[in-house]
**Student:** 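Just dropping this structure here.
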Protein chains: 2
Amino acid sequence: MADHRQRRKPGETREKLMNAALELVGKGRHFASLGIREVTRQAGVVPTSFYRHFRNMDDLGLQLVDELGLVLRRMMREARGNVLQADKLIEESVGIFINHAQSNRNFFLFMAQGLAGESRAVQEGIRSEMRFFASELANDLRRLRLAEHLSDKDLDVTCDLVVRTVAFSLTDLLGVAVEDDYQVDQIRKRTTHFLQLIFVGAANWQSDKA
Amino acid sequence: MADHRQRRKPGETREKLMNAALELVGKGRHFASLGIREVTRQAGVVPTSFYRHFRNMDDLGLQLVDELGLVLRRMMREARGNVLQADKLIEESVGIFINHAQSNRNFFLFMAQGLAGESRAVQEGIRSEMRFFASELANDLRRLRLAEHLSDKDLDVTCDLVVRTVAFSLTDLLGVAVEDDYQVDQIRKRTTHFLQLIFVGAANWQSDKA
DNA sequence: CACTAATGTGTACAGTTGTTCACTAATGTG
DNA sequence: CACATTAGTGAACAACTGTACACATTAGTG
């Protein structure tokens, strides 16, 4: 009777559910411990609605990974547009990365969790996104003529290490409050230091190889 | 009547419970998603026994972190004893690390999960273990006169990066089957390559700073 | 050897979970 | 505009959850 079930935009509930999961992750919960009822409750939706959009929680996780890919691509685009001088490349990139990580906090939290998560598929998806990211980075470095003395393989390893290092910094960043400027700045400096160390290593690689 | 409740060695059930949790983690479950009943079932113990040893699952996690510390210390001791020549230092250390990671698989799996886990305390505990590990590594490098041109701070950052890199490799390693020799060897080579890159960077650090 | 603290057990209960089902409203297609 | 499809709802269920309680057994103490 007083039944105001109304369908608004298509896919709206789907988004609400995905956001709800991210919100719970943002509140400190681990994705692997979330239940269907919990997510639907947070989304303000009846439990059965879940099945209209996802087969189970793993499925939801997979679709989150897809969206994560979009976030990463946006970040790359911005980095490519804003990094002008090569000498400030590292500082600027780290800055952009930290900004994105802060404004998409829950997404990156989900990513950090998923790396050692319980769904093999989600794990593989995130790894795949990281590989893509690394290969794009390698392209950029080639394009900017910043890695001319490195073999393809060595460049690949270097970029992989860079991406891993940044991903690990992510877990530092997500462990401190967004408004804790001091700590955030510490992480920024340390991450920059890491990357500089790696690039110095890459720059001196061949010669030391003998 | 036929009530064979018997107390064997003290702390035996405690161990059984901790092992049970690790076993479940080893089977692909995420620690954050484990329940008390589930763990006690796996341990072959009645649910109420759990409370004799732990206040809740977080508490169990914390105690696992403590044991993890012991495992890491054992690994360090072995590395210190077996790494003879400085020129093979990286290869040998990576080898020892991989061996330990394989034979204490579930422990390291737990560690990898806990880094982005749901209990802040566990997270902090693991981080603390990693810091300790890094500082010990710094001591060793100093002792071996392998980092004489680096400031304390730069050495600290370098060792931190090394530990993070190895920890990340851990997640690669735990993602492949123990008996998949080819993949394990790939990971070993890649990790070695990472560390060499970092050490080349460290060796050329000051000069490039200017 | 008696006694106390520690440990293990069985039962119980209220709350939550995932999932199914039949039903209804809105949407977009022809 | 009829109609099939999609999306949302509520009630129901059996299975499982964490936790509390009273009780039984053991270990180690003096």
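Just so it is clear: chains get the letters A, B, ... in the order the sequence lines come, proteins before strands, and each one is counted from 1. Just so you know, these numbers use all the heavy atoms, side chains as well, and skip hydrogens, waters and symmetry mates. Everything numeric in this text was worked out from a predicted model, so none of it was measured.
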**Student:** Give the rounded distance in Å between these two atoms: CD of Glu15(B) and P of dT7(C).
**Tutor:** 13 Å

**Student:** Sequence neighbours excluded, which residues qualify as side-chain hydrogen bond (donor to acceptor under 3.5 Å, both in side chains) partners of Arg143(B)?
**Tutor:** Asp140(B)

**Student:** Write out a two-atom table: protein N or O, nucleotide N or O from nucleotides 17-20 of chain C, distance below 3.5 Å.
**Tutor:**
from, atom 1, to, atom 2, distance (Å)
dT17(C), OP1, Arg41(A), NH2, 3.3
dT17(C), OP2, Arg41(A), NH2, 2.6
dG18(C), OP1, Ile36(A), N, 2.7
dG18(C), OP2, Ile36(A), N, 3.2
dG18(C), OP2, Arg37(A), N, 2.8
dG18(C), N7, Arg37(A), NH1, 2.5
dG18(C), O6, Arg37(A), NH1, 2.8
dT19(C), OP2, Tyr51(A), OH, 2.8
dT19(C), O5', Tyr51(A), OH, 3.3
dT19(C), O4, Arg37(A), NH1, 3.3

**Student:** Sort and list the pairs that fulfil salt bridge (charged side-chain N to carboxylate O under 4.0 Å, His left out) and have at least one residue in residues 44-72 of chain B, not counting sequence neighbours.
**Tutor:** none

**Student:** For Ser93(B), check side chain to side chain contact (heavy atoms under 4.5 Å, CB included) against everything at least two apart and list the hits.
**Tutor:** Val83(B), Leu89(B)

**Student:** Could you pull out all residues at least two apart from Ala20(B) that satisfy side chain to side chain contact (heavy atoms under 4.5 Å, CB included)?
**Tutor:** Val39(B), Gln42(B), Ala43(B)

**Student:** Would you mind reading off the distance between Phe54(B) atom CZ and dT7(C) atom C1', rounded to a whole angstrom?
**Tutor:** 13 Å

**Student:** In residues 17-26 of chain A, which residues come under 4.0 Å of DNA chain C by heavy atom?
**Tutor:** none

**Student:** My understanding is that only residues two or more places apart in sequence, or in another chain, count here; which of them pass side-chain hydrogen bond (donor to acceptor under 3.5 Å, both in side chains) with Lys189(A)?
**Tutor:** Asp185(A)

**Student:** I'd like to check the side chain to side chain contact (heavy atoms under 4.5 Å, CB included) partners of Ser135(B); sequence neighbours left out, ordered by chain and number.
**Tutor:** Phe132(B)

**Student:** Please list all pairs meeting ring pair (Phe, Tyr, Trp, His ring centres under 6.0 Å) that have one or both residues in residues 13-51 of chain B, counting only residues at least two apart or in different chains.
**Tutor:** His30(A)-His30(B), Phe31(B)-Phe110(B), Phe50(B)-Phe54(B)

**Student:** For Watson-Crick and G-U wobble pairs within 3.5 Å on both distances, what is DNA chain C written in dot-bracket notation, | included for inter-strand pairing?
**Tutor:** ||||||||||||||||||||||||||||||

**Student:** Using atom CZ of Arg52(B) as one end and atom P of dA20(D) as the other, report the distance to the nearest whole Å.
**Tutor:** 12 Å

**Student:** Does any pair with a residue in residues 164-174 of chain A pass side-chain hydrogen bond (donor to acceptor under 3.5 Å, both in side chains), and if so which ones, sequence neighbours excluded?
**Tutor:** Asp160(A)-Arg164(A), Arg164(A)-Asp172(B), Ser169(A)-Thr191(A), Thr171(A)-Arg127(B), Asp172(A)-Arg127(B), Asp172(A)-Arg164(B)

**Student:** List in chain and number order the residues that pass side chain to side chain contact (heavy atoms under 4.5 Å, CB included) with Leu109(A), two or more places apart in sequence or in another chain; answer none if no residue qualifies.
**Tutor:** Val25(A), Arg105(A), Leu174(A)

**Student:** Taking 4.0 angstrom as the limit, do Arg80(A) and Glu136(A) come out as a salt bridge?
**Tutor:** yes

**Student:** Are any of His53(A)'s side-chain N or O atoms less than 4.0 Å away from OP1 or OP2 of dT6(D)?
**Tutor:** no

